[in-house]
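Input: a single structure, listed below in structure tokens.
Quick note on labels: first sequence line is chain A, next is B, and so on, each numbered from 1. Computed from a prediction, not measured in an experiment: that's the story for all the values here. Note that these values count all heavy atoms, side chains included, but never hydrogens, waters or copies made by symmetry.
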2 protein chains.
Amino acid sequence: MTPTAAAPDRERVIEAADRLFYAHGIQAVGMDAVRTASGVPLKRLYAQFPSKDALLVEVLRHRRSIWDAGIAAAAASATRPVDKILAVYDFLDEWFRTDDFRGCGFINAFGELGAVSPEVARIAREQKTDFQRYVAGLVEELGASAELAAQLAILAEGAQTTAAISGAPDAAIHARSAARILIDAALTEA
Amino acid sequence: MTPTAAAPDRERVIEAADRLFYAHGIQAVGMDAVRTASGVPLKRLYAQFPSKDALLVEVLRHRRSIWDAGIAAAAASATRPVDKILAVYDFLDEWFRTDDFRGCGFINAFGELGAVSPEVARIAREQKTDFQRYVAGLVEELGASAELAAQLAILAEGAQTTAAISGAPDAAIHARSAARILIDAALTEA
DNA sequence: CGCGATTGAGAACGCTCGTTCTCAGCGATG
DNA sequence: CATCGCTGAGAACGAGCGTTCTCAATCGCG
């Protein structure tokens, strides 16, 4: 058993669990389902992750890196800070139109387990504050206030829950145009 | 057993379950906990609600009426449509500073059970669209576009998740000032 | 070819929880 | 005062699930 040979197992399990947890909710998915979907037997699965909770933590970490990569890729096509900010909403728009979109995984996980698991609550909070910091960085480049950053982040969060629950994918478009107005207002005021 | 005598039981159960479900999550709360908190024995409890799912539906209905009443009360102190809109964010601000605030109960319930229970998903969606309609009505009185209404609703949703997960109660204040800017922009443009 | 370590498949265990059942106590009624 | 029906408290039941264990098949190595 070389340590490198175990890596594909880990990834397969995390990706399968992520897909299942996101699609059906965490508590609704049994370890047997993870095993079936990943093709990794229970024994190896528990060799990699001591418990379902530990697996969940890794799944959330994985999901965070996916999100970060998506945001970075969306920003890469833009040069000006303003466009990088607006690219966030374009990224959301694309995501919302995905077939298996079911809201923000962190918001969902927080709603389901945030009160019971401090670990889950912490990871969700970190993801949100990370995003807020990212937006704040871009806003700073713009020379606008920190309040604008908070408002832009709130718009993004609201778009996600609105798209998820109301099933309105155009929430991203509305958030985007609102963001543009807020940015313009902040810049002309300064 | 007069039918009117059963009413207090119903209310006590619904209120106790609502408090527990909201505080800890739905699946984390057993029927025994509901029984203990409400003081209503299991037998009567199951006489009123055929299952936990049925109880949950009533709990969500109850929560919806509480929300509606809160919004209505907040709007009552204002006369102009603009102030009624801004009153929504004042209401959120007050709510966010509550000790036991843990986000929007509908967003949480959707995240936990929306994928598994179409009933829960439907009730959450109805609550959100109801709120969107309410905002849309006020925006219409203002003579502004339907897009502004969508944007204002997104701000309210985003403030709720931000306050819940990031633990930032001032999300309501940021949403409020953003709302004011968007409203002003929409009105001067017209 | 033979033997021992490893592994995969799934059975088994223990716990939780939704739901139902039992039974002792009690109040009403004739 | 005796009896009958109802009620409350909690035991009991059955299912689901996280986690562990069994055991036969397999692979590597001498």
Side-chain angles (χ1 to χ4, degrees), chain A residues 1-60 108-109 112-113 115-120, chain B residues 1-60 108-109 112-113 115-120:
Chain A
M1 182 187 92
T2 70
T4 51
D9 270 0
R10 262 188 90 86
E11 269 184 48
R12 271 219 303 277
V13 171
I14 288 176
E15 274 165 23
D18 182 47
R19 231 171 304 129
L20 290 170
F21 289 170
Y22 179 69
H24 306 110
I26 296 153
Q27 300 180 82
V29 172
M31 291 299 268
D32 253 22
V34 175
R35 161 218 160 121
T36 303
S38 67
V40 175
L42 273 186
K43 208 173 189 176
R44 276 212 232 155
L45 209 159
Y46 274 96
Q48 294 280 335
F49 309 96
S51 68
K52 188 183 182 183
D53 289 338
L55 171 59
L56 173 59
V57 168
E58 295 308 313
V59 164
L60 291 178
N108 293 347
E112 181 171 357
L113 296 173
V116 174
S117 159
E119 193 78 352
V120 169
Chain B
M1 183 187 87
T2 70
T4 52
D9 269 0
R10 262 189 90 85
E11 270 184 49
R12 273 219 302 276
V13 171
I14 289 176
E15 276 165 21
D18 182 47
R19 231 172 303 130
L20 290 171
F21 289 170
Y22 179 68
H24 306 110
I26 295 153
Q27 300 180 84
V29 172
M31 291 299 269
D32 254 23
V34 175
R35 162 219 160 120
T36 303
S38 67
V40 175
L42 272 187
K43 206 172 189 177
R44 276 211 233 156
L45 210 159
Y46 273 96
Q48 293 279 333
F49 309 96
S51 68
K52 188 183 181 183
D53 290 337
L55 170 59
L56 173 59
V57 168
E58 295 308 314
V59 163
L60 292 177
N108 292 347
E112 181 171 358
L113 295 172
V116 174
S117 159
E119 192 79 352
V120 168

Find the distance [X]:[atom1] to [N]:[atom2] and express it as a whole number of Å.
X: A:M31; N: C:dG14; atom1: CE; atom2: P; answer: 20 Å
X: B:D53; N: C:dC17; atom1: CG; atom2: P; answer: 16 Å
X: B:L45; N: D:dG8; atom1: CG; atom2: P; answer: 12 Å
X: B:L42; N: C:dG18; atom1: CG; atom2: C1'; answer: 9 Å
X: B:D32; N: C:dG18; atom1: CG; atom2: C1'; answer: 10 Å
X: A:K43; N: D:dT26; atom1: NZ; atom2: C1'; answer: 13 Å
X: A:Q27; N: C:dC17; atom1: CD; atom2: C1'; answer: 12 Å

TODO: Kindly indicate whether the side chain of B:K52 and the base of C:dG18 share any N or O donor-acceptor pair separated by less than 3.5 Å?
DONE: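 Checked by distance alone, the answer is no.
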Task: Heavy-atom donor-acceptor pair, A:R35 side-chain to C:dG10 base, under 3.5 Å - done: yes
Using the side-chain heavy atoms of [X], tell me which of these nucleotides is nearest: [options].
X: A:S51; options: C:dG18, D:dA9, D:dT19; answer: D:dT19
X: B:Y46; options: C:dT7, C:dT19, D:dG18; answer: C:dT19
X: B:R44; options: C:dG18, D:dT7, C:dA9; answer: D:dT7

Spatial distance of atom [atom1] ([X]) from atom [atom2] ([Y]) [nearest 0.5 Å]:
X: A:Q27; Y: A:F21; atom1: CD; atom2: CZ; answer: 10.5 Å
X: B:L45; Y: B:M31; atom1: CG; atom2: CE; answer: 5.0 Å
X: B:E11; Y: B:E15; atom1: CD; atom2: CD; answer: 5.5 Å

Open item on the list: Minimum heavy-atom separation for A:A16 and A:V34, please, with both atom names.
Closed with: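 Result for this residue pair: CB-O, 4.5 Å.
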- [ ] Check every strand shown and say whether B:V29 touches a base, only sugar-phosphate, or nothing at a heavy-atom separation below 4.0 Å.
- [x] sugar-phosphate
